[in-house]
S.K.: 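Here it is: the structure, laid out below.
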Amino acid sequence: MSTEDRKEREKEQRSNQIIDAAEEVIFSKGLARATMTDIAAQAELSKGTLYLYFKNKTELYIAIARRGSKILNKRFAKVFAGDFTGLQIIRKLGDTYLDFVKKNPGYYRAFMHYESLNDVEILRKSEVAKSCEENRKEALGFMVRALQIGMQDGSVDDSYDPRQLAIVIWSSTKGITSMVYMKEVGHHYKVLDEMEFETDRLFESFIKLVGTGIATEQARSNFLTDGH
């Protein structure tokens, strides 16, 4: 291993060490209460060292979102290894996303924070944000690919534009997942105060609605009966 390769490897290890510490602190205290001093102490590094790798706490939190999205994308990729129709893949991508959110609320909060950022200039200058955005594009690409597979195998109506349809499904999934997450953590919308629902059944109803809407007539009945 060359000296340059060794330095790059050490840099990556130190970066991961900082992100590990940030997860411990931010996931337990919350972003608002967590400080760079806390994170430095958890990582057993000086605060100055943290700033050599990340410009501020926001960029470090984006790095957490980047890590989470990378983990999620690996799980999405595994769905394509099975022998499924495009329509079945779409269902499984939705199930995978919901399962990830329920089991990794810390990462999901990081996702939501990243998507709420509106300082375009800061985001453009951040290499961490750029790579996080690439992960988001990859995630959307999985949905496009699933739709294209479905249109080729006859399970998805090919009258749609797969890219436009992917955006509709992706954004709708994020909306319903946000509602499920809010209910899981005890926060709810006032408009739903008098409505009782189970989050899994709510998401299943949403998946069925989407699936039957985009399915070909031949595939629709199978989609409703094949479950997961």
Side-chain angles (χ1 to χ4, degrees), residues 65-112 114-115 131-185 192 195-228:
R66 178 183 62 183
R67 175 185 281 184
S69 61
K70 186 176 181 179
I71 294 171
L72 177 58
N73 283 354
K74 285 183 178 180
R75 296 185 185 181
F76 283 155
K78 289 181 180 179
V79 173
F80 291 84
D83 184 19
F84 306 115
T85 66
L87 193 62
Q88 290 171 329
I89 292 173
I90 292 168
R91 172 191 284 274
K92 290 181 179 298
L93 289 176
D95 290 341
T96 298
Y97 183 63
L98 179 63
D99 182 68
F100 181 85
V101 169
K102 292 173 69 174
K103 293 179 179 178
N104 301 275
Y107 282 137
Y108 185 64
R109 285 193 294 271
F111 293 167
M112 291 195 296
Y114 170 69
E115 292 168 4
S131 55
C132 192
E133 189 62 24
E134 286 302 314
N135 288 348
R136 185 156 64 168
K137 289 179 181 179
E138 183 181 25
L140 182 59
F142 284 126
M143 181 58 70
V144 174
R145 181 180 168 193
L147 288 167
Q148 290 172 333
I149 291 173
M151 290 176 184
Q152 290 171 358
D153 65 27
S155 62
V156 175
D157 186 345
D158 63 5
S159 66
Y160 294 103
D161 180 316
R163 294 185 180 277
Q164 291 183 2
L165 185 56
I167 293 174
V168 171
I169 296 175
W170 185 58
S171 57
S172 299
T173 301
K174 291 174 72 63
I176 198 73
T177 305
S178 176
M179 183 178 295
V180 168
Y181 169 78
M182 291 299 185
K183 183 174 176 61
E184 289 289 331
V185 299
L192 300 178
M195 299 177 65
E196 295 183 2
F197 62 89
E198 296 178 10
T199 55
D200 287 344
R201 292 186 64 182
L202 176 66
F203 197 79
E204 176 63 17
S205 295
F206 167 71
I207 291 294
K208 284 185 177 181
L209 178 64
V210 171
T212 55
I214 66 175
T216 57
E217 185 175 351
Q218 181 179 1
R220 187 170 296 123
S221 60
N222 291 334
F223 180 82
L224 290 172
T225 59
D226 67 5
H228 300 287

S.K.: Excluding sequence neighbours, so at least two apart, what forms ring-ring contact (aromatic ring centres under 6.0 Å, His included) with Tyr160?
M.R.: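 Once residues adjacent in sequence are excluded, Tyr160 has no partner under the ring-ring contact (aromatic ring centres under 6.0 Å, His included) criterion.
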
S.K.: What's the shortest heavy-atom distance between Ala146 and Ile90, and which atoms?
M.R.: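 Heavy-atom minimum between the residues: CB-CG1, 3.8 Å.
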
S.K.: Anything under 30° is parallel, anything over 60° is perpendicular, the rest tilted; go ahead and classify Tyr107 against Phe111.
M.R.: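 Parallel: the ring planes of Tyr107 and Phe111 meet at under 30°.
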
S.K.: Less than 4.5 Å apart, any side-chain heavy atom of Thr85 and any of Ile149?
M.R.: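 In short, these two side chains do not touch, never coming nearer than 4.5 Å.
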
S.K.: For Gln152, is there any backbone N or O sitting under 3.5 Å from a side-chain donor or acceptor partner on Asp158?
M.R.: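 Answer holds: no.
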
S.K.: Run through Val168, Ile176, Ile169 and flag the one making a side chain to side chain contact (heavy atoms under 4.5 Å, CB included) with Ser172.
M.R.: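 Answer after filtering Val168, Ile176, Ile169: Val168.
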
S.K.: Please report the interatomic distance CD1(Ile167) to CE(Met143), rounded to the nearest 0.5 Å.
M.R.: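 Interatomic distance, Ile167 CD1 to Met143 CE, rounded to 0.5 Å: 11.5 Å.
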
S.K.: Identify the two heavy atoms, one from Ala166 and one from Val144, that lie closest to each other, and give their separation to 0.1 Å.
M.R.: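 It is CB-CG2, 3.5 Å.
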
S.K.: Mind checking side chain to side chain donor-acceptor pair (under 3.5 Å) for Lys70 and listing every partner two or more places apart, or none if nothing turns up?
M.R.: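 Expected list: none.
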
S.K.: Do Ile214 and Leu87 have side chains that approach each other closer than 4.5 Å (heavy atoms only, starting at C-beta)?
M.R.: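 Counting from C-beta outward, Ile214 and Leu87 do come under 4.5 Å.
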
S.K.: Can you tell me how far apart CZ (Phe76) and CG (Leu140) are? Round to the nearest 0.5 Å.
M.R.: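 Separation between the atoms: 10.5 Å.
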
S.K.: Might you point out which heavy atoms bring Asn73 and Ala139 nearest each other, and give the distance in Å?
M.R.: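 It is OD1-CB, 3.4 Å.
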
S.K.: Run Arg145 and Glu138 through salt bridge (charged side-chain N to carboxylate O under 4.0 Å, His left out) and show every step you take.
M.R.: CA-CA 10 Å; Arg145 181 180 168 193; Glu138 183 181 25; over 6 Å; no

S.K.: For the residue pair Leu93 and Phe142, what are the closest heavy atoms and their distance?
M.R.: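 The answer is CD1-O, 4.0 Å.
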
S.K.: Is the side chain of Ser69 donor-acceptor paired with the backbone N or O of Arg66 at a distance under 3.5 Å, no angle test?
M.R.: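 It does hold such a pair.
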
S.K.: For Arg136, what residues pass the side chain to side chain donor-acceptor pair (under 3.5 Å) criterion, not counting sequence neighbours?
M.R.: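 Checked Arg136 against side chain to side chain donor-acceptor pair (under 3.5 Å); matches are Glu133.
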
S.K.: What are the two closest heavy atoms between Ile207 and Gly94, and how far apart are they?
M.R.: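 Closest pair (atom of Ile207, atom of Gly94, distance): CD1-CA, 4.2 Å.
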
S.K.: Is there a side-chain contact between Tyr97 and Trp170 in this structure, where contact means two heavy atoms from C-beta onward sitting under 4.5 Å apart?
M.R.: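 Contact flag for Tyr97/Trp170 side chains = no.
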
S.K.: Check this for me, if you would: do Arg91 and Asp95 make a salt bridge, where the nitrogen-to-carboxylate-oxygen distance has to be below 4.0 angstrom?
M.R.: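 Here Arg91 does not pair with Asp95 in a salt bridge, since their nearest N and O are not under 4.0 Å apart.
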
S.K.: What distance separates Leu98 CG from Tyr108 OH, expressed to the nearest 0.5 Å?
M.R.: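 Rounded to the nearest 0.5 Å, the CG-OH separation comes out at 10.0 Å.
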
S.K.: If we ignore hydrogens and angles and just use 3.5 Å, is the side chain of Thr216 paired with the main-chain N or O of Gly154 as donor and acceptor?
M.R.: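 Side chain of Thr216 to backbone of Gly154, a donor-acceptor pair under 3.5 Å: yes, one is there.
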
S.K.: In Å, rounded to the nearest 0.5 Å, how long is the span from CG of Asp157 to CE of Met151?
M.R.: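 So the gap between those two atoms works out to 7.0 Å.
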
S.K.: Please check: side-chain N/O of Gln164 versus main-chain N/O of Asp161, any donor-acceptor pairing under 3.5 Å?
M.R.: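 Looks like no, no N/O pair under 3.5 Å.
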
S.K.: Is a donor on one side and an acceptor on the other found under 3.5 Å between the side chain of Asn104 and the backbone of Phe100?
M.R.: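 Side chain of Asn104 to backbone of Phe100, a donor-acceptor pair under 3.5 Å: yes, one is there.
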
S.K.: Atom OG in Ser171, atom NZ in Lys174: separation rounded to 0.5 Å?
M.R.: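 If I round to the nearest 0.5 Å, the distance is 9.5 Å.
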
